[in-house]
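This report concerns only the one structure given below.
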Number of protein chains: 4
Amino acid sequence: MKLSEKKLQKKKQEIILSAVKIVNQKGYQGATMEEIAAELLMTKGSLYYYFKNKEDLLFQCHEMVLGQAINELQDYFQEDLSNEQKLRKMIANHIRYMIEEKETFNMIIKPDQTFSKDYLHPILRKRNEYAASFDEVIQKGVEEGEFTIKEPKMARMILLGSMNWIQQWYRLDGDKSIEELQAIYADYLLKVVK
Amino acid sequence: MKLSEKKLQKKKQEIILSAVKIVNQKGYQGATMEEIAAELLMTKGSLYYYFKNKEDLLFQCHEMVLGQAINELQDYFQEDLSNEQKLRKMIANHIRYMIEEKETFNMIIKPDQTFSKDYLHPILRKRNEYAASFDEVIQKGVEEGEFTIKEPKMARMILLGSMNWIQQWYRLDGDKSIEELQAIYADYLLKVVK
Amino acid sequence: MKLSEKKLQKKKQEIILSAVKIVNQKGYQGATMEEIAAELLMTKGSLYYYFKNKEDLLFQCHEMVLGQAINELQDYFQEDLSNEQKLRKMIANHIRYMIEEKETFNMIIKPDQTFSKDYLHPILRKRNEYAASFDEVIQKGVEEGEFTIKEPKMARMILLGSMNWIQQWYRLDGDKSIEELQAIYADYLLKVVK
Amino acid sequence: MKLSEKKLQKKKQEIILSAVKIVNQKGYQGATMEEIAAELLMTKGSLYYYFKNKEDLLFQCHEMVLGQAINELQDYFQEDLSNEQKLRKMIANHIRYMIEEKETFNMIIKPDQTFSKDYLHPILRKRNEYAASFDEVIQKGVEEGEFTIKEPKMARMILLGSMNWIQQWYRLDGDKSIEELQAIYADYLLKVVK
DNA sequence: AATGAATGAGGGTTCATTCAT
DNA sequence: TATGAATGAACCCTCATTCAT
């Protein structure tokens with residue numbers, strides 16, 4: 001039982017990864033069950049053994065991607081860093097996601113056009129969870145005198161919004177490397193909160 | 001002749017507005033010709049009297065919305081203001097769009113997944129036209145010593161990106177009025193370029 | 001009254017000619033009322049002032065084209081020629097139609113896929129009228145000892161069939177001129193009846 | 001594997017046959033996917049499991065029908081017959097197709113108004129393949145002194161054209177049996193080439 | 001006599017979903 | 001577990017036809 005359960009979960013993971021990949025190439029509606037299955041050398045009918053329907057599959061994609069990102073942020077909190085250093089790291093991390101794993105973070109924009117009501121609530125909660133990490137650092141920075149900002153939530157919105165926009169225009173073959181981008185954004189966005 | 005031409009254009013406008021509305025509720029692919037027509041108490045077949053196909057209609061939506069925004073920006077350039085003042089106004093304007101005319105500006109995201117090659121080029125050009133206004137102000141501000149930024153383009157990306165994100169979370173019934181939001185964003189974003 | 005009647009008929013003629021032209025470029029189903037009207041700088045709505053519906057218009061095309069061809073054949077009967085000479089002329093004439101006015105004769109193939117029952121009967125009668133001219137010449141030729149054929153109807157079928165096929169393959173830029181084609185077909189087809 | 005492949009091919013065959021039938025009743029454009037499917041108690045959506053689109057289905061109809069006919073002609077070449085005898089057999093065969101399998105041969109008319117460029121080329125090639133068999137016999141007959149014709153290609157056109165026309169008028173309940181028809185046409189058409 | 005505008009039926013196509021095997 | 005096959009709803013689009021003006 002345990003073994004078969006493991007196998008099941010592993011297969012689910014594979015499917016989710018495939019779905020994430022296709023979604024980011026073709027967008028939400030452009031991703032077909034057929035293509036998601038084909039990526040794994042399966043047929044689309046099989047997907048329904050693992051997921052109730054397409055929305056369910058896409059929902060679990062969202063959970064996985066954002067959950068992973070949240071975990072990474074948590075790690076920075078363990079480290080002994082100033083809030084500015086933490087925020088810089090978080091910014092760099094987010095940007096890396098936005099570019100290298102654009103495939104995944106892509107999903108997080110405009111969920112209300114994709115998901116039905118039942119799914120929307122947990123999705124928004126997960127989002128907030130992610131945002132909360134930023135809030136925490138900013139808040140702490142204010143308390144400890146590193147930042148001067150009066151509206152920490154607004155600042156967080158500006159940070160995340162500006163970074164989410166990156167995937168709209170960034171091309172890997174452009175004139176800026178990811179590292180440069182991370183540095184510039186960190187510098188400029190730190191000016192917002194300082 | 002003139003009269004009928006006027007009428008035609010007016011009807012086209014109505015359809016475009018209806019399309020914009022539906023698109024913003026359901027997204028590009030989610031917006032059906034049927035629904036766009038129903039909004040105006042027409043049948044979908046009739047739309048094809050005015051527009052070649054769905055893509056054409058959506059394209060003209062894009063042109064209208066962005067064109068209008070560009071015109072408004074131009075006005076600020078006529079006025080005798082410092083670059084900072086101009087930029088503040090442009091920020092306030094953009095934010096107002098993002099909130100009050102959310103229905104329209106919403107469209108501007110991810111054109112490459114929606115439009116075919118033929119339409120993509122003019123769309124991107126229009127986008128750049130809009131962005132160019134921001135670039136100009138920022139650039140001038142740098143030249144005239146108001147701003148200190150080293151990467152004006154990056155700064156513009158941060159500005160627009162953060163503002164475009166507003167519509168993802170802003171609710172009219174929230175605890176901030178538009179005016180407050182405009183003020184806060186202007187302050188914080190000015191810190192980026194200064 | 002008379003004058004307006006004349007005008008009406010003239011306009012009808014124009015429409016029929018336009019229809020014939022479009023039909024032969026695009027085929028029966030490919031010809032749209034819109035295009036037929038556009039050719040005359042009219043709008044499709046206007047066509048319905050002159051013709052009950054599309055089928056009616058197309059029917060009258062058929063009548064006109066075939067009626068004209070029949071008249072031309074009649075002329076040969078007035079002339080003082082041997083039956084062989086007459087038949088040669090008729091063959092040449094048919095071939096000319098098939099090529100130069102391919103636009104028109106085209107219509108005559110496969111009427112049963114195009115016309116509803118009501119129209120089918122008169123259409124077939126007109127066809128038979130045309131064929132009867134050939135029958136007459138062949139029959140006379142047999143009676144007067146010029147031809148030896150035992151099955152005049154079969155021969156006529158072979159003649160017309162082979163000539164109708166020409167439009168399937170003949171290209172004006174090919175290696176045979178119309179005159180050469182007429183001569184060869186006349187020679188070879190005469191061998192059938194002789 | 002082999003089995004399911006067989007089944008697939010068999011189903012494809014069934015669909016093709018259904019399509020051929022409908023096409024011959026209603027013509028190319030008149031034949032709808034819906035009707036083709038209904039004939040087999042399927043829904044039109046299912047057809048797309050087997051064929052890419054309507055054009056693809058119709059193309060494969062053409063390939064099947066003509067391919068089969070070509071094979072039959074090849075057989076006559078194996079036999080030890082004079083060219084005249086061969087040609088007679090080929091004529092009889094073609095006529096039989098034209099009548100008994102009218103449903104299928106009917107398709108071969110006017111491909112250029114139906115098929116897009118991609119399909120047109122192979123279609124015309126297949127046609128030429130069929131015609132080439134006739135050319136070969138006629139040519140050989142000329143070389144071996146059986147036939148006297150100067151323009152073998154023209155003769156072939158006359159032969160095929162006249163026979164293709166048969167389906168326009170032949171009715172099974174008419175006064176001629178197929179065998180009579182075959183005999184008469186063979187006699188008369190042989191006069192053309194001799 | 002003509003037109004602009006609208007309609008509505010119908011066609012091709014896509015695709016999530018189902019289900020027997 | 002997985003699949004092949006089928007379904008059916010939904011979509012875009014075309015076009016003959018209608019009708020008030």
Side-chain angles (χ1 to χ4, degrees), chain A residues 4 7-8 11 29-37 40-58, chain B residues 1 3-5 7-8 11-12 15 29-37 40-58, chain C residues 4 7-8 11-12 29-37 40-58, chain D residues 1 3-5 7-8 11-12 15 26 29-37 40-58:
Chain A
S4 71
K7 260 192 167 173
L8 187 90
K11 193 85 189 183
Q29 337 258 354
T32 70
M33 295 297 270
E34 184 129 37
E35 209 165 349
I36 292 167
L40 299 167
L41 305 179
M42 302 168 72
T43 58
K44 59 181 168 180
S46 313
L47 297 185
Y48 289 83
Y49 181 79
Y50 298 95
F51 299 91
K52 203 163 99 260
N53 52 32
K54 189 182 176 182
E55 190 176 19
D56 185 36
L57 168 55
L58 259 29
Chain B
M1 296 306 126
L3 184 71
S4 72
E5 177 66 13
K7 260 194 169 170
L8 187 90
K11 191 86 189 185
K12 272 191 165 188
I15 295 172
Q29 339 255 353
T32 70
M33 293 299 269
E34 184 131 39
E35 206 166 350
I36 292 168
L40 299 168
L41 305 180
M42 301 169 72
T43 58
K44 61 180 167 177
S46 311
L47 297 186
Y48 290 86
Y49 182 78
Y50 298 94
F51 298 93
K52 204 163 98 263
N53 52 31
K54 187 183 175 181
E55 192 175 20
D56 184 37
L57 169 55
L58 262 29
Chain C
S4 72
K7 260 192 167 175
L8 186 91
K11 193 86 188 180
K12 273 190 165 190
Q29 337 257 354
T32 69
M33 294 298 270
E34 184 128 39
E35 208 165 348
I36 292 168
L40 299 167
L41 305 180
M42 301 168 71
T43 58
K44 58 180 168 180
S46 313
L47 297 185
Y48 288 84
Y49 181 79
Y50 299 95
F51 299 93
K52 204 162 98 258
N53 53 31
K54 189 180 176 184
E55 190 176 21
D56 184 36
L57 168 55
L58 259 30
Chain D
M1 298 308 124
L3 184 71
S4 72
E5 177 67 11
K7 260 194 168 170
L8 187 89
K11 190 86 191 183
K12 272 190 166 188
I15 295 172
K26 318 262 173 138
Q29 339 255 355
T32 71
M33 294 299 269
E34 185 132 37
E35 206 167 351
I36 292 169
L40 298 168
L41 305 180
M42 301 168 73
T43 57
K44 60 180 170 175
S46 310
L47 297 185
Y48 290 84
Y49 183 78
Y50 298 94
F51 298 92
K52 204 164 99 262
N53 50 33
K54 188 182 174 183
E55 191 175 20
D56 184 36
L57 168 55
L58 260 30

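Order of the sequence lines fixes the chain letters, A, B, ..., with proteins taken first and strands second; residue numbering starts at 1 for each chain.
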From NZ of Lys7(D) across to C1' of dT3(F) the rounded distance in Å is 13 Å

Checking all strands, does Tyr50(B) fall into the base, sugar-phosphate, or nothing category for heavy-atom contacts under 4.0 angstrom? sugar-phosphate

Shortest non-hydrogen pair, Thr43(C) vs Ala37(C), comes out as C-CB, 3.6 Å

Between the CG atom in Asn53(A) and the CE atom in Met33(A), the distance rounded to the nearest 0.5 Å is 7.5 Å

Nearest heavy-atom contact between Lys54(B) and Ala31(B) is NZ-O, 2.8 Å

So CZ of Phe51(A) and CG of Leu57(A): to nearest 0.5 Å the spacing works out to 5.0 Å

Glu5(D) atom CD is separated from dT3(F) atom C1', nearest whole Å, by 15 Å

Rounded to the nearest 0.5 angstrom, the CG-OH distance for Asp56(B) and Tyr48(B) is 10.5 Å

Contacted region of DNA chain E by chain B, from 5' end to 3' end of the hits, cut-off under 4.0 Å to heavy atoms, spans dG4(E) to dG8(E)

CD (Glu34(A)) with more than 12 external heavy atoms under 6.0 Å:
no

| task | Begin from the C-alpha positions of Tyr49(C) and Leu8(C) and carry the test side-chain contact (heavy atoms from CB on, under 4.5 Å) through to its verdict. | result | CA-CA 10 Å; Tyr49(C) 181 79; Leu8(C) 186 91; 4.1 Å; yes

Notebook entry, point to check: Within a radius of less than 6.0 Å around CD of Glu55(D), do more than 12 heavy atoms belonging to other residues, nucleotides or ligands occur?
Noted result: yes

Pairing partner of dT14(E), by Watson-Crick or G-U wobble and under 3.5 Å for both distances, is dA9(F)

With sugar-phosphate taken as primed atoms, P, OP1 and OP2 and all else as base, the protein-contact string of nucleotides 7-13 of chain F at under 4.0 Å (heavy atoms; B, S, -) is BB--SBB

Taking a pair to mean Watson-Crick or G-U wobble geometry with both distances below 3.5 Å, dT17(F) pairs with dA6(E)

